[in-house]
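To start, the structure itself, in structure tokens.
In what follows, every chain begins at residue 1, and chains take the letters A, B, ... in the order their sequences are listed.
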Amino acid sequence: MIDISILDVFPVLLKGVSVTIQVLVLSAIFSYLIAFIAGFGRLSKNVLVRKFTGFYIEIFRGTSLIVQLFWFYYAIPMLFNVQVGSELMAGVLAISLNYGAYMSEIVRGSIIAVDKGQREAATALNMTRFQQMRLVILPQAVRMMLPEFGNYLIQILKATSLVSLIGMTDILYHGNMLRSTNIAMAPTIYLLILVFYFILALPLIFLTRKAEDISKKGVASS
Amino acid sequence: MPQVMDKEVKQGVQQDEPIVKYENICKSFGDLEVLKGIDLDIMPGEKVALIGPSGSGKTTIIRMLMTLEEPTSGNIIVNGKNLWKMNKNDHLVRANDKHLRQIRGDIGMVFQHFNLFPHMTILENCTTALIHVKKMEKKEAEERSMKMLEKVGLGDKFDAYPSQLSGGQKQRVAMARALVMRPQVMLFDEVTSALDPELVGEVLEVIRDIAKDGEMAMILVTHEMDFAQEIADRVVFLDNGVIAEEGTPEEVLEKSNNERLQSFLHRFRNGNGV
């Protein structure tokens with residue numbers, strides 16, 4: 001009996017995998033990008049830039065992702081008469097801005113954590129500020145960021161399931177649809193959904209481990 | 001007579017113009033006044049040892065020349081140019097990064113804690129500034145760096161990472177990294193203080209070697225009195241933010257009557273200095 005229902009559920013959920021991966025990849029790319037922009041913004045010499053970035057970070061960290069998602073999908077288009085675009089756009093935007101805000105603190109913290117002697121040595125070699133950042137500070141800071149970036153990647157994967165709430169046909173969406181027509185299958189469906197997400201997370205977990213190794217090797221300073 | 005004149009003129013070009021000139025330099029960190037009016041001239045090729053108790057401002061003096069610290073007041077003149085001030089619409093204003101960069105290219109520095117770049121190999125540590133700052137071809141930069149690494153006795157370590165070296169080796173790499181840039185003034189900030197005692201010798205050996213080449217001016221902040229006496233042309237004793245005594249190594253380390261200096265040297269020779 002159970003065997004038959006798993007076989008029924010599996011292909012349905014499979015239909016959602018491509019949407020989940022699509023949202024994951026786009027959200028990951030944009031949140032990393034935003035994390036760097038906001039991270040540098042927080043370190044800017046310009047007070048205005050610093051304040052503005054700080055404001056953005058606190059707003060997005062201090063409110064819930066799901067509400068942000070509804071804002072982008074339902075509220076903003078009505079209020080300002082701007083089309084955020086497709087569900088995909090709204091979903092990726094909300095997830096990226098939310099996780100970008102969190103990860104910007106990692107970017108900022110890692111850059112600050114590079115020993116100040118490194119910048120001094122770079123100055124003594126007469127590097128420009130930009131060269132100091134590019135050649136000396138960032139390569140070391142990125143190594144420190146990697147493990148945390150990996151952790152957040154897994155979190156982003158889990159967060160993608162929220163896009164089912166704005167009608168995107170991801171894994172959870174298909175599972176919910178199936179359950180609404182066949183409530184008896186709910187345990188099987190949700191068990192299998194867990195398995196799906198876990199399998200998708202496996203390579204990310206592996207990547208995070210790898211990142212931790214790299215970061216251990218890279219910056220064993222003096 | 002004409003011969004004498006001739007000689008004087010030559011010397012005038014060579015020696016009468018200091019390469020670095022500190023003019024009434026003061027420096028405070030918050031309420032703490034570290035330097036209270038320093039006047040100091042460094043001639044091209046001259047080796048100057050800065051000695052003095054901890055907190056007397058020795059390190060601050062060279063850090064200001066390397067542009068790592070800005071003087072509170074006073075001028076530092078390098079090759080006739082004001083380091084920390086620049087001309088803007090006929091007014092002297094605070095130097096910007098570009099101005100500092102134009103001048104500090106003639107200055108190199110070796111740090112107490114080496115500050116090697118841990119993510120680069122030994123060779124890359126030496127070549128990176130040649131390639132990106134001096135815009136040298138990679139091959140030429142590598143050749144020059146390899147020669148320098150051999151000179152400091154680490155030619156075989158070129159592809160190792162800093163974490164694989166001993167403290168003495170790291171400091172020798174740091175010197176090679178500074179030397180390939182061919183500065184006119186080289187600053188040494190207590191370069192043996194962070195080393196195990198048995199590794200001090202190899203580092204001093206390299207400095208001795210560099211000093212012999214002669215052309216480069218050197219300012220050494222050091223606690224190695226015997227070494228200062230051996231290689232310095234001039235020893236400067238700092239105390240309480242002022243230059244309390246200055247002269248040849250013999251004058252300062254042996255013949256001076258300055259009480260503070262006497263007690264400093266005495267503490268040192270009894271081994272409870274630093």
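For B/Lys138, the salt bridge (charged side-chain N to carboxylate O under 4.0 Å, His left out) test picks out B/Glu142, with sequence neighbours left out. A search for side-chain hydrogen bond (donor to acceptor under 3.5 Å, both in side chains) contacts involving B/Glu224 returns B/Thr192, not counting sequence neighbours.
Using a distance-only test at 3.5 Å, with no hydrogens or angles considered, a donor-acceptor pair links the side chain of A/Asn126 to the main chain of B/Arg101. Checking side-chain atoms of B/Gln164 against main-chain N and O of B/Tyr161 turns up a donor-acceptor pair under 3.5 Å.
Residues of residues 67-84 of chain B lying under 4.5 angstrom from chain A, judged on non-hydrogen atoms, are B/Thr67, B/Leu68 by number.
Only the side chain of B/Phe111 comes within contact range of chain A, with at least one heavy atom under 4.5 Å from a heavy atom of that chain. Both the backbone and the side chain of B/Met66 come within less than 4.5 Å of a heavy atom of chain A.
Legend: salt bridge (Lys or Arg N to Asp or Glu O under 4.0 Å) pairs involving residues 117-135 of chain A, not counting sequence neighbours, sorted by first then second residue: A/Lys116-A/Glu120, A/Glu120-B/Arg63, A/Arg129-B/Asp97.
Summarising the local packing, CZ of B/Phe227 is surrounded by more than 12 heavy atoms from other residues, nucleotides or ligands at distances under 6.0 Å.
The two residues A/Pro147 and A/Glu212 come nearest to each other via the heavy atoms CB-CG, 3.5 Å.
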